[in-house]
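To start, the structure itself, in C-alpha cells.
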Number of protein chains: 2
Amino acid sequence: MQTLYVELGTRRYPIFIGQSLDSAELLAPYISGQQVMIVTNTTVAALYLSYYQAQFEKLGKKIAVCILPDGEKYKNFEQLHLIFDALLEAGFNRDCTVVALGGGVIGDMAGYAAASFQRGVNFIQIPTTLLSQVDSSVGGKTGINHPLGKNMIGAFKQPEAVIADMRVLETLPERELSAGMAEVIKYALLCDADFLLWLEQNMPALMQRDPALLAEAVYRCCAHKARIVANDETEKGERALLNLGHTFGHAIESYLGYGVWLHGEAVATGMVMAATLSEQLGWLNTQDVVRVKHILAQANLPVTCPYIPVEQFLGYMAHDKKVLNGQLRLILLKNLGQAVIHNEFTQDALIESITSNQLPA
Amino acid sequence: MQTLYVELGTRRYPIFIGQSLDSAELLAPYISGQQVMIVTNTTVAALYLSYYQAQFEKLGKKIAVCILPDGEKYKNFEQLHLIFDALLEAGFNRDCTVVALGGGVIGDMAGYAAASFQRGVNFIQIPTTLLSQVDSSVGGKTGINHPLGKNMIGAFKQPEAVIADMRVLETLPERELSAGMAEVIKYALLCDADFLLWLEQNMPALMQRDPALLAEAVYRCCAHKARIVANDETEKGERALLNLGHTFGHAIESYLGYGVWLHGEAVATGMVMAATLSEQLGWLNTQDVVRVKHILAQANLPVTCPYIPVEQFLGYMAHDKKVLNGQLRLILLKNLGQAVIHNEFTQDALIESITSNQLPA
C-alpha cells in the first residue's frame, strides 16, 4: 500500500492506494462520531455494500444506507434530496460521517450532501471506478447538474480520507476502465512526459488490470493532482490545467446529450482537439499529435467525435463555466507534458481543431 | 458611518454601518465581474429594489433580479432553485456577484445559492431588518429549511461586504423591530454587561428608531459577533454561545409551527428560560432574572410562551442540531454578560425552567 497526503493545511488528508486494503483499520481514525451514512448506487451496492457495511460495523458504528440509481443523469437535485432525507430520517446530527461508495457521480453527490448537511459534516470517499480514483475523489470538487448546465451547483469539500482499492476495479466495465484511463493519460499530457513514456510501455498490461501497475498509475495521478490542488484549492490558476480537453469535451457531451458518451471518452477526443490546436500554434509537431492519438487508442478511447455543426460546437464551448467575462480560455500543450492556459488563437484555428477531429456530416 | 472588519484571514470583510449610505461607492471595490444578481422578496422589492438597482447600474453592471415570496416558510429547496434558475437563465458565470437585499431569509438563501452556484461566487449582503443587520448578515451561516428540520441544509459562506443602513429600518414592522431587538439584547446578556446597562437606558429611544442609537447598537452587536466568529468560524466552540436562548426557542417555534412566532420572539422567551435555569444553578439571582424579563418587555417581546406539554418541549429540544452525541448542552448565564456552555443540570431543573415560563394549560 502507498499513502499519499493531500496538503491542505489543517485539512490535510490521506489517500490510501493498494490492493485489498483493510478499510476498517485504515478509516477508523477518520470517522468522527458514531453515525455513518453510506451513499452508493444500485450497481455498486450489489457488489460491495455488504463488505463495506461489515467494515463499519466492525468499528461499532450506527450505519444507515442511501442507495441511489446508477448514472450521470441522476446527478440532480432530486437524488441529492434523497440523501438529505435519509440523513434526517436516520436522525443523524452534525457529528456524523458521510461515506461515498461509488464512482464520480456518487462522490460528487455524497460530497455535496456532506458539505451542505448541517452546513458540513465529515466525508470519506471510497471510489470504485478508475476515473473517480484518479480524478473526482481528489481535489474536493463536488456538486450536481442543473438542467441548464453540468456541475453548476456544488461545493469545494475535502474528504477526511480516501481509499482507492484496486480490488474494486476488477468488476469495472471495459468502457469505464477506458474512460478512467483518459484521465490518467491527461495527467501525463499536462505535466509528466516520463509518465507518458511509462504509459506507452504499460498500456496493454494496464488494460488487462494488472493491480500493481494500476496502483502505480493511480498513485502518480493522485500525486500530481494533490500537488496542483494544494497549490490552488479553489481553481484560481494552476488547477485550471486539469481541464485539458474538458471544454471541447463538454461541447461533445452537451451536443450528444449527457450519458451518450462517457465523460472520459469526450475528454479523450477533447484532448486530441487541444493537441491539434496546439500544433497549429506551432507548439506540438505532427508526431506529438500522433502520439496523443495513439495512447488514447491503445486505451480503446475515441479520437474523433461524431459530426457536430461547428456553430453549435462553439456555442456549447462558450457556455462552459471556465469562460471568464466572455473570453474563451483553453488548456493547450506547449509540449507533451506541459500544459498552459491560453486564449490567443484565431477563430479559424479553433474551428480547424474541431472539424479535423470529427466525422463528416 | 462606522466600518467594522470581520477578520477571517484572507476573507476579511467590512460591515458598513450608518444612515443613508452611498452604496455604489462603498460596494464598488467588492463586486467582481460585470454580472450582479439581486435576490430579494416581494415586500422589500416594493420598497428598496429600484434604489439599489440604480446604485448597481451606476457602476455599469449587468443586473438581473430574482424576487422571491416573503416569509420563513419559503426558505426551502423550491425557492433556492429559483435563484439557480435565474442565475443560469441570465447566463451568469463564476465571476458574478450575488446580492442579498432583504432580511435573514433572503440572506440565508442568497448566501447558500452564492456558496453553491458554480461551487461559489461573490456575495454581498444588504440586510433590511434589524435582526439580519445584527445577526444573520455576520458570520457566514447560510442555508435553507428541510421539512424535517430548520437550517438543516446550508453552507458557511462569508460575504465580500455588508451594508447595514439604518434608513431601511424606517419601514420595518414594529413586531420585526422587536424581534431584532431580542438578538441585540442577547449580545448584552451573553458577553457585555455594560451594553446591557446602555440598553436599559436607551431602549425607549431605540424602539422609537433613533438612527444614531440603532447604528450604535448594531455596531456593538456586530463587533461582538465578528470577534466571536473570527475566533471560531465553523462553530466548534465559543461560537456556540451565540445560541443563547435558541434551543428553548427552537422548541417553541417547532411546537407552534414555524412562522407563528418570529424567531426573535421565541429566542426572547428562550433566554428567560435559560436565565431561570441559570438561577436554579445558583449563578443568577432573582433580581438578575427580573432584569432579563424587564429589558425584553421594554422591547415588546414575550417573556412567557403558550402552554406546551413538557414532554413535547423536551422532545423538540433534543432534536435541535446543537445536540452532540445525544447530550443536551445549553447556553446558560454564569452572570449577566457571561454565557457558558453547560450540560450539568438535573432534568427537574430543566423542566422547571420551562414550565415556570409558560402559560398554564
Side-chain angles (χ1 to χ4, degrees), chain A residues 9-10 32-35 62 76-78 80-81 83-96 108 111-113 115-121 139-157 233-236 318-327, chain B residues 9-10 32-35 62 76-78 80-81 83-96 108 111-113 115-121 139-157 233-236 318-327:
Chain A
T10 55
S32 69
Q34 296 306 312
Q35 306 165 327
K62 178 185 173 189
N76 59 27
F77 282 113
E78 289 69 31
L80 177 72
H81 293 187
I83 305 175
F84 293 135
D85 293 347
L87 285 162
L88 285 162
E89 282 160 12
F92 279 15
N93 60 34
R94 62 171 63 169
D95 202 33
C96 71
D108 279 8
Y112 184 40
S116 301
F117 182 61
Q118 309 253 17
R119 300 197 190 92
V121 298
K141 279 192 183 182
T142 69
I144 56 174
N145 299 330
H146 183 281
L148 295 177
K150 208 176 156 181
N151 291 321
M152 283 292 154
I153 315 296
F156 286 97
K157 171 72 178 173
E233 189 184 351
T234 53
E235 196 167 342
K236 304 294 178 197
H319 273 91
D320 190 85
K321 70 175 174 306
K322 285 167 282 295
V323 173
L324 195 66
N325 291 327
Q327 175 72 61
Chain B
T10 57
S32 70
Q34 295 306 311
Q35 305 166 326
K62 179 186 172 187
N76 58 28
F77 282 114
E78 289 68 31
L80 177 71
H81 293 186
I83 305 176
F84 294 136
D85 293 348
L87 285 162
L88 285 162
E89 281 160 13
F92 279 15
N93 60 34
R94 63 170 61 166
D95 201 32
C96 71
D108 280 9
Y112 184 40
S116 300
F117 182 61
Q118 309 254 17
R119 299 195 189 92
V121 297
K141 280 191 182 181
T142 69
I144 55 174
N145 299 329
H146 184 282
L148 296 177
K150 209 178 155 182
N151 292 321
M152 283 292 156
I153 315 297
F156 285 97
K157 171 71 177 175
E233 189 182 352
T234 52
E235 195 165 342
K236 305 293 180 199
H319 272 92
D320 191 83
K321 68 177 179 304
K322 285 166 282 292
V323 174
L324 196 67
N325 290 328
Q327 175 72 60

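In what follows, chains carry the letters A, B, and so on, assigned in the order in which the sequence lines appear, proteins first and then strands, with residues in each chain numbered from 1.
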> For the atom pair CZ (A:R119) and CG (B:N151), what is the distance rounded to the nearest 0.5 Å?
Replying inline: 5.0 Å

> Rounded to the nearest 0.5 Å, how far does CD1 of B:I153 lie from CG of A:L80?
Replying inline: 7.5 Å

>> Would you call the rings of A:F84 and B:F77 parallel, tilted or perpendicular, taking 30° and 60° as the class edges?
In response: parallel

> Quick one: of B:L87, B:L148, B:I144, B:L88, who has the most non-hydrogen atom pairs under 4.5 Å with chain A?
Replying inline: B:L88

> Relative to chain B, which segment of A:E89 carries a heavy atom at a distance below 4.5 Å: side chain, backbone, both, or neither?
Replying inline: both

>> Nearest 0.5 angstrom please: B:M152 CE to A:F117 CZ, how far?
In response: 6.5 Å

